[in-house]
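Here is the structure we will look at, set down as structure tokens.
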Amino acid sequence: MYAWLRNVIRAISTLASGMYVTLWYFVQTYRRRTFTSHFAYPENPIPIRPRYRGFHRFDLTACIGCDKCARACPVDCIYIEKEKAVAPAKGFIVTGFAIDYTKCMFCSLCVDPCPADCLYMGSNHDISCYTRDGCIVDFAKLPLTVAWGQDTLNPTAIHESKKVSLPVWTKSGSSTNKT
Ligand code: SF4
Ligand code: SF4
């Protein structure tokens, strides 16, 4: 009898605590203000946390084309194209460094193995595009300030990069600089 009563009380208290959580969130939806009452987006940027993982920043000048980032990527969405540098220069010329943002999950696993510290997660979270092709960003074809990691990635720069067939810059001594 006592065991039965204890089970009934426990069932009622469990149900009540579950319903309390549901009701609490139900009330919050009426107390919470709209998104636009907090932020004037897109006129003003939305504040982000210091360790936010947004679209990458990449420094084409420092990349040595070692492929470590591409090998570390769990979804294989980094595509590197490179050519052997002409002597006396050593190493590789990176002619393409594309990331497919339809596949990228912003895990940051590509950042840590980079020996040249030229790839890291940026703070930008908005790259709107109308086609899937717009989500494939070739950092070697971006305008110099973006390709060198000085400016953040933006839809205009990505759009312009689609018109470029050659890398925007190659290391001096191995080939002619292009702008
Ligand atoms: S953030 Fe993750 S998924 Fe995206 S490119 Fe880097 S390793 Fe790949
Ligand atoms: S790990 Fe770094 S240096 Fe190597 S290819 Fe990737 S971005 Fe370039």
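One-based numbering, in listed order, for ligands and for the atoms of each.
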### Task
Classify the side-chain pair Asp59/Thr61 by whether it contains a donor and acceptor separated by less than 3.5 Å.
yes
Distance from [atom] to nearest protein heavy atom, with residue and atom:
{"atom": "atom 7 (S) of ligand 2", "answer": "Cys118 SG, 3.5 Å"}
{"atom": "atom 4 (Fe) of ligand 2", "answer": "Cys66 SG, 2.2 Å"}
{"atom": "atom 5 (S) of ligand 1", "answer": "Cys77 SG, 3.5 Å"}
{"atom": "atom 3 (S) of ligand 2", "answer": "Ile64 N, 3.5 Å"}
{"atom": "atom 6 (Fe) of ligand 1", "answer": "Cys110 SG, 2.4 Å"}
{"atom": "atom 8 (Fe) of ligand 1", "answer": "Cys73 SG, 2.3 Å"}
{"atom": "atom 2 (Fe) of ligand 1", "answer": "Cys107 SG, 2.2 Å"}

At under 4.0 Å between heavy atoms, which part of [X] makes contact with ligand 1: side chain, backbone, both or neither?
{"X": "His56", "answer": "side chain"}
{"X": "Val111", "answer": "neither"}
{"X": "Ser108", "answer": "backbone"}

Considering the heavy atoms of [X], write down every atom of ligand 1 situated less than 4.0 Å from one of them.
{"X": "Phe106", "value": "1 (S), 4 (Fe)"}
{"X": "Ile78", "value": "5 (S)"}
{"X": "Cys104", "value": "1 (S), 3 (S), 4 (Fe), 5 (S)"}
{"X": "Val75", "value": "3 (S)"}
{"X": "Pro74", "value": "7 (S)"}
{"X": "Met105", "value": "3 (S), 4 (Fe)"}

### Query
Using a heavy-atom cut-off of under 4.0 Å, does the side chain or the backbone of Val94 touch ligand 2, or both, or neither?
neither
### Query
Going by the angle between their ring planes, with limits at 30° and 60°, are Tyr101 and Phe55 parallel, tilted or perpendicular?
perpendicular
Ligand-residue contact atoms, ligand 2 with [X], heavy atoms, under 4.0 Å:
{"X": "Phe58", "answer": "7 (S)"}
{"X": "Ile80", "answer": "5 (S)"}
{"X": "Asp67", "answer": "4 (Fe), 5 (S)"}

### Query
Roughly how far apart are Arg53 CZ and Phe106 CZ, rounded to 0.5 Å?
10.0 Å
### Message
Donor-acceptor pair, distance only, cut-off 3.5 Å: does the side chain of Thr131 make one with the backbone of Gly134?
### Response
yes
### Query
Any donor-acceptor pair under 3.5 Å linking the side chain of Ser161 with the backbone of Lys141?
no
### Summary
Exactly one candidate in Cys118, Pro167, Cys69 meets side chain to side chain contact (heavy atoms under 4.5 Å, CB included) with Phe97; the answer is Cys69
### Task
Group every Ile, Leu, Val, Met, Phe, Trp and Tyr by side-chain heavy-atom contacts under 4.5 Å, then state whether Val137 and Tyr79 land in the same group.
no
### Query
Linking I/L/V/M/F/W/Y whenever their side-chain heavy atoms sit closer than 4.5 Å, directly or via other members, would Ile136 and Ile78 fall into one cluster?
no
#### Entry: His159, NE2 atom: more than 12 neighbouring heavy atoms under 6.0 Å
no
### Message
Could you check whether Arg132 pairs with Asp100 (Lys NZ or Arg NE/NH1/NH2 to Asp/Glu carboxylate O, under 4.0 Å)?
### Response
no
### Any N, O or S atom of Cys114 closer than 2.8 Å to atom 2 (Fe) of ligand 2
yes
### Task
Write down the atom of Leu153, the atom of His56, and the distance for their closest heavy-atom approach.
CD2-O, 4.2 Å
### Query
Does any N, O or S atom of Cys69, backbone or side chain, fall under 2.8 Å from atom 8 (Fe) of ligand 2?
no
